[in-house]
Number of protein chains: 2
Amino acid sequence: MAEKEDKMNVEKAILDAATEEFLSKGFSGARTVAIAEKAGVTHAMLHYYFRTKEKLFECIIDTVIKELIDSVTEAYKRQDASLSFEDRVVAVMNAHLDFIIAKPQLPSFLFMEIFPSTENFKLIKEKASSALGSLNTQLKETLESANNNEEIDNISLPMLISDVVTLNAATAISSQLATKLLNITKEEYVAMRKQENEILIRKRLKK
Amino acid sequence: MAEKEDKMNVEKAILDAATEEFLSKGFSGARTVAIAEKAGVTHAMLHYYFRTKEKLFECIIDTVIKELIDSVTEAYKRQDASLSFEDRVVAVMNAHLDFIIAKPQLPSFLFMEIFPSTENFKLIKEKASSALGSLNTQLKETLESANNNEEIDNISLPMLISDVVTLNAATAISSQLATKLLNITKEEYVAMRKQENEILIRKRLKK
DNA sequence: TCTGCCATTAACAGAATTGTTAAACAAATT
DNA sequence: AATTTGTTTAACAATTCTGTTAATGGCAGA
């Protein structure tokens, strides 16, 4: 059993190092030797376990996407049904932000490496749509009834999602600039943005 | 004179090809031979004119940043002073969006290639602050008086700028996904987002 | 204890990519 | 026409990076 744990440790070490390297430098900027070094193994080991750089990259994408989807579904599930539509949107948005802030390079990585590539995009679209399909129809219904009951100022689902994702992604990305541009810590900046995003969405949904 | 024009054409051709290559693939993903091919010259010419890939990259950054700054200052200058604060913010935001939509890979390029690198970031910060310094103090005053006169719902300058830049950058980035995710053209999506961004900002500024 | 399997290492091979050089060439100047 | 200057080309050198291989060592089960 000890050897299996050892094996997992090596694999895990490589995956962790690879995640860091790929997310911060992108596929072409990442170096397999650098990954191996970070993981504390010879670079032959990396090829032994993952064959090629491409295959290793795909593993990283898989886990990253899985985590992303999980974070959204979790946040959505953990909702209090007694809350108003507005409160629920804000709750999901904030949960989503917390996840994304933990991996702030993720959004720009997605935009730079995944979305432009047709194959990579297809890959994650399939995964996402099978995992998020039911959530989407659920959302659609909830939004429709909110629109019809005149609870909120009318808005389409794509624009609402776009608003939330946009504000959160940009918060994560720009948080890396906080200390460089404004003289505040990243945490302070994120707290400010969180508040501001909430104001924006609430005002948007109010009639 | 003909030879000078020729020289400019070659240089320009390389610069144009390099801009496309660097913006879409990033520094490490870009290939100097691919740039040379696109420009229709041998790849030795590229080195003859620009010495190294790094130097060529710096030239691209220079022009890209210059264009970005110009677009903002132009948009700000072209303002109608008789407009309300809210209307002016919207006008500048829309002008900025039009520029950015012409180069939709620009935001993710900046986030992936420029901002994480301390040297590159320093470079553009200097340029930007010297060019945008006066604009910043101007903005500060305008916003302060708007805040004090209770024209608008109170907001800090960093958050206002962050809102505008965020919404525009995200619109540009996500516009590349419009046809892939929703069944609409990029132009339709941008038009929708433009409208939505305007709604968001106006509601944000209203008391 | 022997055998076979798996993990690991070090050295190396191969490919891709950047950068150089020497020679040819073209245009302008004397 | 000869010289000079700067441009262009093709071949090549150098490096960097990915991927392979053959040899080593340990450990489990026969």
Side-chain angles (χ1 to χ4, degrees), chain A residues 1-62 109 112-114 116-117 119-120, chain B residues 1-62 109 112-114 116-117 119-120:
Chain A
M1 197 93 309
E3 83 281 358
K4 261 194 186 170
E5 239 174 61
D6 264 21
K7 186 178 167 176
M8 289 316 287
N9 283 342
V10 173
E11 257 190 60
K12 186 72 173 25
I14 296 175
L15 282 172
D16 286 347
T19 303
E20 203 188 310
E21 180 87 356
F22 280 130
L23 282 193
S24 61
K25 304 191 179 166
F27 178 79
S28 52
R31 294 291 106 105
T32 54
V33 288
I35 295 172
E37 230 166 71
K38 250 183 239 171
V41 300
T42 62
H43 100 276
M45 290 303 304
L46 183 148
H47 289 288
Y48 177 70
Y49 279 103
F50 295 95
R51 210 79 209 145
T52 67
K53 191 183 176 183
E54 263 92 3
K55 291 227 164 69
L56 178 56
F57 186 66
E58 278 166 31
C59 291
I60 300 304
I61 293 183
D62 279 1
F109 173 79
M112 199 77 189
E113 300 285 323
I114 310 297
S117 144
E119 315 112 64
N120 283 336
Chain B
M1 196 94 313
E3 82 281 358
K4 262 192 185 170
E5 240 175 58
D6 264 22
K7 185 178 166 175
M8 290 315 286
N9 283 343
V10 173
E11 257 190 59
K12 186 75 172 24
I14 296 175
L15 282 171
D16 287 349
T19 304
E20 204 188 312
E21 180 87 356
F22 280 130
L23 281 194
S24 61
K25 304 190 179 167
F27 178 78
S28 52
R31 295 289 107 107
T32 54
V33 289
I35 294 172
E37 231 166 70
K38 249 183 238 171
V41 300
T42 62
H43 100 276
M45 290 302 304
L46 184 147
H47 289 288
Y48 176 71
Y49 279 103
F50 295 95
R51 213 74 210 150
T52 67
K53 190 183 176 185
E54 263 92 4
K55 291 228 164 69
L56 177 56
F57 186 67
E58 278 166 31
C59 291
I60 300 305
I61 293 183
D62 279 0
F109 173 78
M112 197 76 188
E113 300 285 323
I114 310 297
S117 143
E119 315 113 62
N120 284 337

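Reminder, nothing fancy here: chain letters follow the sequence lines and each chain counts from 1.
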J.: To the nearest Å, give me how far apart CZ (A:F50) and P (C:dT8) are.
T.: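 My rounded result for the distance is 12 Å.
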
J.: Find the distance A:E37:CD to C:dA10:P and express it as a whole number of Å.
T.: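 Checked: the CD to P distance equals 13 Å.
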
J.: Let me know the distance between NZ of B:K55 and P of C:dT18, rounded to the nearest Å.
T.: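 After rounding, the gap between these two atoms is 16 Å.
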
J.: Are A:N120 and A:F57 side-chain neighbours, meaning at least one heavy-atom pair lies under 4.5 Å?
T.: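 A side-chain contact exists here, since the closest heavy-atom pair is under 4.5 Å.
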
J.: Check the distance between C:dT8's P and A:N9's CG and give it to me in whole angstrom.
T.: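 Taking atom P of C:dT8 as the reference, CG of A:N9 is at 10 Å.
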
J.: For each nucleotide in nucleotides 13-20 of chain D, reading 5' to 3', give B when a protein heavy atom comes within less than 4.0 Å of its base, S when such contact involves only the sugar-phosphate, and - otherwise.
T.: ----SBBB

J.: Can a donor-acceptor pair be found, under 3.5 Å and without considering hydrogens, that links the side chain of B:E113 to the backbone of B:F27?
T.: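 Pair found, side chain donor or acceptor close to backbone of B:F27.
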
J.: Taking all non-hydrogen atoms of both residues, which atom of A:C59 and which atom of A:L15 are closest, and how far apart?
T.: CB-CD2, 4.0 Å

J.: Rounding to an integer number of Å, can you tell me how far B:M45 CE sits from D:dA10 C1'?
T.: 13 Å

J.: Identify the two heavy atoms, one from B:G29 and one from B:E21, that lie closest to each other, and give their separation to 0.1 Å.
T.: O-OE2, 4.3 Å

J.: May I ask you to check whether B:F22 and B:F109 place their ring centres under 6.0 Å from each other?
T.: no

J.: Provide the closest heavy-atom pair for B:I60 versus B:T19 in the form atom of the first, atom of the second, distance.
T.: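 Residues B:I60 and B:T19, closest heavy atoms: CD1-OG1, 3.4 Å.
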
J.: Rounded to whole Å, please give me the gap between CG in B:L56 and P in C:dT17.
T.: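 To the nearest whole Å, that distance equals 17 Å.
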
